[in-house]
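Here's the structure we're looking at; comments come further down.
Every value quoted in this text rests on a predicted model; they were computed, and no experiment measured them. Because only heavy atoms are used, hydrogens play no part in the values below, and waters and symmetry mates are left out as well, while side chains stay in. So you know, we letter chains A, B, ... as the sequences are listed, proteins then strands, and number each from 1.
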Number of protein chains: 2
Amino acid sequence: MDRSARLASLRRIIETNKVASQDMLLKLLQDEGYIVTQATLSRDLKHLKVGKIPDGKGGYLYTYSDSANKGGSDKSLAEDFKRGYIGIDFSGNMAVVKTLPRHASTVAFAIDNLHIKEIVGTVAGDDTILILPKDGVKRQELIHSLKSRIPGFTENL
Amino acid sequence: MDRSARLASLRRIIETNKVASQDMLLKLLQDEGYIVTQATLSRDLKHLKVGKIPDGKGGYLYTYSDSANKGGSDKSLAEDFKRGYIGIDFSGNMAVVKTLPRHASTVAFAIDNLHIKEIVGTVAGDDTILILPKDGVKRQELIHSLKSRIPGFTENL
DNA sequence: CATAACATTGTAAAAATATACAGTATTATA
DNA sequence: TATAATACTGTATATTTTTACAATGTTATG
């Protein structure tokens, strides 16, 4: 099942490109290997609460508005996290999160946007994320901070 | 000239109602006495940078996003000004601007962001704005500075 | 005044977007 | 296992939105 990976790509595409129509989005998705119909894309956009607004230069622009997604965001971020999460390990002071294939960027995005104060940032590959803890944060403190922000989080499944 | 008044109403309608389609907006505008075609409405929405966004409850919603209109160009700021502006008067060294109901904050925002050097700042109520001129700036100088930055500005309508 | 440039609008049509419906697959439940 | 409930999708269509074009009016300019 590819839907959540597709949604993650879609979000990234919209956040990093100026796209004026669903047809154009369809092509960009295609470039990443996702072949769907316009109908499905329309549904995906609705799911992500992506809006279409005039760009002030005579055209239109699809936008992923954080504010539109703010309400209840922690909840859906935690869901994003759990959807892809497999397990966590440590290497030196860094945490290594394993995810389902292609889910790394979505999970990392969720971590970033939960704004956990013990975490400085993340780096995501395809199924692996590096979490960079703030200076002096111990492994157990990091685990605890994740537990406190992601209901049902456990160290390993 | 009805257009700017219509745009003001349109904006207020959108800010205070949950509207799902242009047809619905058309009816609300009608209720206020503005009879236009859907084509004109579409153009108006483009002008105001009003977007259509999924509401998270299965429907869609027209939204006037401040952020979309934030980095307003001088041109659109001047338009905001003129859309709400009624007249200007003086009290002591301060200028008192009257606006359409509820337009004070928009007009004041426009004045602030035009960064007129003769103006220190503004205070806005609901339909009234106080402009605080810089020390030593005379009434006529203030008027002149407004004229120079807001095409078509006149002291009273 | 005449003419040009610009602004606003409706009509009609094109283009873009949303969705009803049906089909498939997956998961849950008796 | 059989049945029901849920999730996801494509097809075809309906709905919605945008725009080309022409008409009208307004403002600027010679």
Side-chain angles (χ1 to χ4, degrees), chain A residues 1-11 13-14 18-30 33-64 68 76 79-80 82-84 100 102-103 106, chain B residues 1-10 13-14 18-30 33-64 68 75-76 78-79 82-83 147 150-154 157:
Chain A
M1 182 55 53
D2 255 348
R3 187 176 192 241
S4 72
R6 186 182 69 233
L7 288 177
S9 285
L10 184 54
R11 180 156 75 187
I13 287 172
I14 286 166
K18 300 200 186 281
V19 186
S21 73
Q22 294 188 7
D23 271 352
M24 221 171 289
L25 273 177
L26 229 41
K27 293 203 180 79
L28 293 173
L29 275 175
Q30 217 170 42
Y34 299 102
I35 315 252
V36 289
T37 60
Q38 175 270 324
T40 294
L41 174 56
S42 173
R43 294 177 185 118
D44 285 355
L45 293 173
K46 190 173 191 172
H47 199 83
L48 291 173
K49 293 185 193 164
V50 166
K52 185 192 184 185
I53 71 175
D55 66 2
K57 295 173 196 163
Y60 293 83
L61 197 56
Y62 279 85
T63 64
Y64 178 86
S76 69
E79 278 167 9
D80 282 351
K82 283 189 285 189
R83 194 175 299 129
L100 295 173
R102 303 208 214 178
H103 280 68
T106 305
Chain B
M1 176 58 54
D2 253 350
R3 186 172 193 243
S4 73
R6 187 181 69 232
L7 288 175
S9 285
L10 183 54
I13 287 172
I14 286 165
K18 302 202 185 276
V19 186
S21 73
Q22 294 188 7
D23 270 352
M24 220 169 293
L25 273 177
L26 228 42
K27 294 203 180 78
L28 292 173
L29 275 174
Q30 219 170 40
Y34 299 102
I35 316 252
V36 289
T37 60
Q38 177 271 327
T40 294
L41 175 56
S42 173
R43 295 179 184 117
D44 285 355
L45 293 172
K46 189 173 191 170
H47 202 83
L48 291 174
K49 292 186 193 164
V50 166
K52 187 190 184 189
I53 295 184
D55 66 2
K57 295 172 196 164
Y60 293 82
L61 197 57
Y62 280 84
T63 65
Y64 178 86
K75 183 158 170 288
S76 69
E79 279 170 8
K82 283 188 284 188
R83 196 173 297 129
K147 275 185 180 158
I150 300 164
F153 173 82
T154 54
L157 298 187

query = Under 4.0 Å between a side-chain N/O of B:R43 and OP1 or OP2 of C:dT8, yes or no?
reply = no
query = With respect to the phosphate group of D:dT17, does any side-chain polar atom (N or O) of B:K52 fall under 4.0 Å of OP1 or OP2?
reply = yes
query = Roughly how many Å is it from CD1 in A:I53 to C1' in D:dT17, rounded to a whole number?
reply = 16 Å
inquiry  = Rounded to whole Å, how long is the line connecting atom CG of A:D44 with atom C1' of D:dG10?
reply    = 13 Å
inquiry  = Looking at every heavy atom in both B:L48 and B:Y64, which two are closest together, and how far apart are they?
reply    = O-CE1, 3.3 Å
ask   = Which whole-number value in Å describes the distance from B:L10 CG to C:dT9 P?
value = 12 Å
N or O in side chain of B:R6 less than 4.0 angstrom from C:dT9 OP1/OP2 = yes
query = Does OP1 or OP2 of C:dT17 have a side-chain N or O of A:Y60 closer than 4.0 Å?
reply = no
query = Looking only at heavy atoms, what is the nearest atom pair of B:V50 and B:Y62, with distance?
reply = CG1-CD2, 3.7 Å
ask   = Roughly how many Å is it from CD in A:Q22 to C1' in D:dT18, rounded to a whole number?
value = 14 Å
ask   = Taking for each residue the nucleotide of DNA chain C with the nearest heavy atom, is it B:V36 or A:Y62 whose nucleotide lies nearer the 5' end?
value = B:V36
Any B:K46 side-chain N or O less than 4.0 Å from OP1/OP2 of D:dT19 = yes
ask   = Can we say A:R6 and A:D44 salt-bridge, meaning some charged N sits less than 4.0 Å from an Asp/Glu carboxylate O?
value = yes
ask   = With respect to the side chain of A:R3, which nucleotide from C:dT9, C:dA16, D:dC8 is positioned closest?
value = D:dC8
message = How many whole angstroms separate atom CG of A:D2 from atom P of D:dA7?
response = 18 Å
Separation of atom CG in B:L41 from atom C1' in D:dT19, rounded to whole Å = 14 Å
ask   = Which part of the nucleic acid, if any, lies within reach of A:S21 when heavy atoms closer than 4.0 Å are counted: base, sugar-phosphate only, or nothing?
value = sugar-phosphate
task = Kindly point out which of D:dT16, D:dT11, C:dT11 is positioned nearest to the side chain of B:D23?
result = D:dT16
note = B:L45 CG to D:dT16 P, in whole Å, measures 15 Å
remark   = Tightest non-hydrogen contact, residues B:M24 and B:V19, listed as CB-CG1, 3.7 Å
key: Nucleotide C:dA7, atom C1' - distance to NE2 of B:H47 in whole Å   = 11 Å
request  = Please evaluate the base of C:dA18 for a donor-acceptor partner in the side chain of A:Q38 within a cut-off of under 3.5 Å?
outcome  = yes
query = How close do B:S42 and B:Q22 get, heavy atom to heavy atom, and via which atoms?
reply = CB-OE1, 3.7 Å
